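Down below is the structure, laid out as structure tokens.
Here the structure is a predicted model, which is why all the values come from computation and not from measurement. Convention: sequence-line order gives letters A, B, ...; per-chain numbering from 1.
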Number of protein chains: 2
Amino acid sequence: MARGGAIVLSMVMSLRNQPGASSPSRAAIVDRARRLAAVEGLDGLSLARLAHDLGMSKSGVVALFGSKEALQLATVSIARDVFVEEVVAPVLSVAGGLDRLRALLESHVRYSEARRESGGCFFAATSSEFAGRPSSVRDAILAARAEWDAVLLRIVERAIGKGDLDPDTDAEQLAYQLRALLEAASTDALRLGTAEPHRRTRIAIEAVLRSAGAP
Amino acid sequence: MARGGAIVLSMVMSLRNQPGASSPSRAAIVDRARRLAAVEGLDGLSLARLAHDLGMSKSGVVALFGSKEALQLATVSIARDVFVEEVVAPVLSVAGGLDRLRALLESHVRYSEARRESGGCFFAATSSEFAGRPSSVRDAILAARAEWDAVLLRIVERAIGKGDLDPDTDAEQLAYQLRALLEAASTDALRLGTAEPHRRTRIAIEAVLRSAGAP
DNA sequence: CCTACCGATCGGTAGG
DNA sequence: CCTACCGATCGGTAGG
């Protein structure tokens, strides 16, 4: 059963590397774009600025991607992969149920703690940036977030299904509250520049889990 | 006592209108900028775009403000005033304590519900935009948010002080959790395009208040 | 408040 | 991957 759950999650969250489609340069550019976008956003990031940071010419960057939009889409894709690798993948070795849920939440809090000094989370920085106008980049960002929502929900459901939480727990409601706390840690820590939001989020997560029947 | 609390809050949250300092044009420009910034951000908004929307020339806008930065600062200021007027001011007539706290939270949820169709909340759209680089605009946004944090905290403290919540409640922790839920409603509703986040935030707020001893 | 203009920078193309 | 260049747009100024 724990095996089955892990397999389902692996499918949902499988890394999307397309072998052969990327050169070393492409990977270096996208990685740099990902880091810069977490600070300055994905739209404000200019091709010239990115190229200069990498010691290459602007048209060299354009030649590898075709357009800024294509570069942005590649950047969202790699940001999603990094998130999966750093936050989700490590907890799939933990037994499904409350243990895995706690591990996932702590993994996210630690991820966001590590991001604090380096300038913030990619998805936090870019989500509101594209919120207004419809675009393919916006769709890609929303799809990545929806995927994360689904993973969290599934792990919550499994904890309930296994009997680790009260059987009448509303999984979507619980997942929503936990997500609100994770995001608050991320945004508040960046805003205030302290570790206090992460501490408060950890406390609140435990309170919410306990009121859902967790020991 | 309820009177005293209202006076303190009124001081903290007094409207900052400087009479005489604004012409009708200035007010119209800033109001338009505020609405546009809630959708496209405050930095991406260009002077030419703003001027065109208002049917005037770009240099006309610049002449009234001196620089884009000054316009941005004026816009943050008016956005803060609108927030105070729409969210905080109405609840000051409610008796201090749990009633006022509930009224404030409901006021914020309704405010964010109303913003959903018109393209989002000004502070949600602009906070992450300036998070990276230090600037006077960033400082102004952070100051407005800190002010809101302080008001929420004060109203929570008052509910505890009045005995409406458990006396050993951690006011900062409770305020933090409530704020996380308010912000989740705002961002999720814009992202998903449904009213569900507001419904979930209302449910979660009541759960959090009850676990702090609210009837 | 306007027209006319400035240098800088944007994303992108031509041609190699 | 490069140099050289394109039209468009940026914030801002001059002068009225």
Original post:
Atom CZ in B:Arg115, atom CZ in B:Arg110: separation rounded to 0.5 Å?
Top reply: 14.0 Å
Side-chain ion pair, [X] and [Y], N-O less than 4.0 Å:
X: B:Asp81; Y: B:Arg34; answer: no
X: A:Arg133; Y: B:Glu40; answer: no
X: A:Glu183; Y: A:Arg145; answer: yes

What are the atom names and distances for every N/O pair under 3.5 Å that joins the protein to nucleotides 12-14 of chain D?
unit_1	atom_1	unit_2	atom_2	d
D:dG12	OP2	B:Lys68	N	2.6
D:dG12	N7	B:Lys58	NZ	3.3
D:dG12	O6	B:Lys58	NZ	2.6

Roughly how many Å is it from [atom1] in [X] to [atom2] in [N], rounded to a whole number?
X: B:Leu45; N: D:dG11; atom1: CG; atom2: C1'; result: 12 Å
X: B:Arg49; N: D:dG11; atom1: CZ; atom2: P; result: 12 Å
X: B:Leu50; N: D:dC10; atom1: CG; atom2: C1'; result: 14 Å
X: A:Leu71; N: C:dC10; atom1: CG; atom2: C1'; result: 15 Å
X: B:Leu64; N: C:dC2; atom1: CG; atom2: P; result: 9 Å
X: A:His52; N: C:dT9; atom1: NE2; atom2: C1'; result: 14 Å

**OP:** Map A:Asp43 and B:Gly55 onto DNA chain C by nearest heavy atom, then report which one ends up closer to the 5' terminus.
**Re:** B:Gly55
Subject >> Residue matched to D:dG16 through Watson-Crick or wobble contacts both under 3.5 angstrom >> reply: C:dC1
Subject >> Donor-acceptor pair between A:Ser128 and B:Glu129 side chains, under 3.5 angstrom >> reply: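 Checked: A:Ser128/B:Glu129 side chains show no N/O donor-acceptor pair below 3.5 Å.
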Subject >> Between B:Tyr176 and A:Thr201, a side-chain donor and acceptor under 3.5 Å >> reply: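 Side chains of B:Tyr176 and A:Thr201: pair found under 3.5 Å.
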Original post:
If you check the A:Ser46 side chain, which of D:dC1, C:dG11, D:dG11 turns out closest?
Top reply: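 Of the candidates, C:dG11 comes closest.
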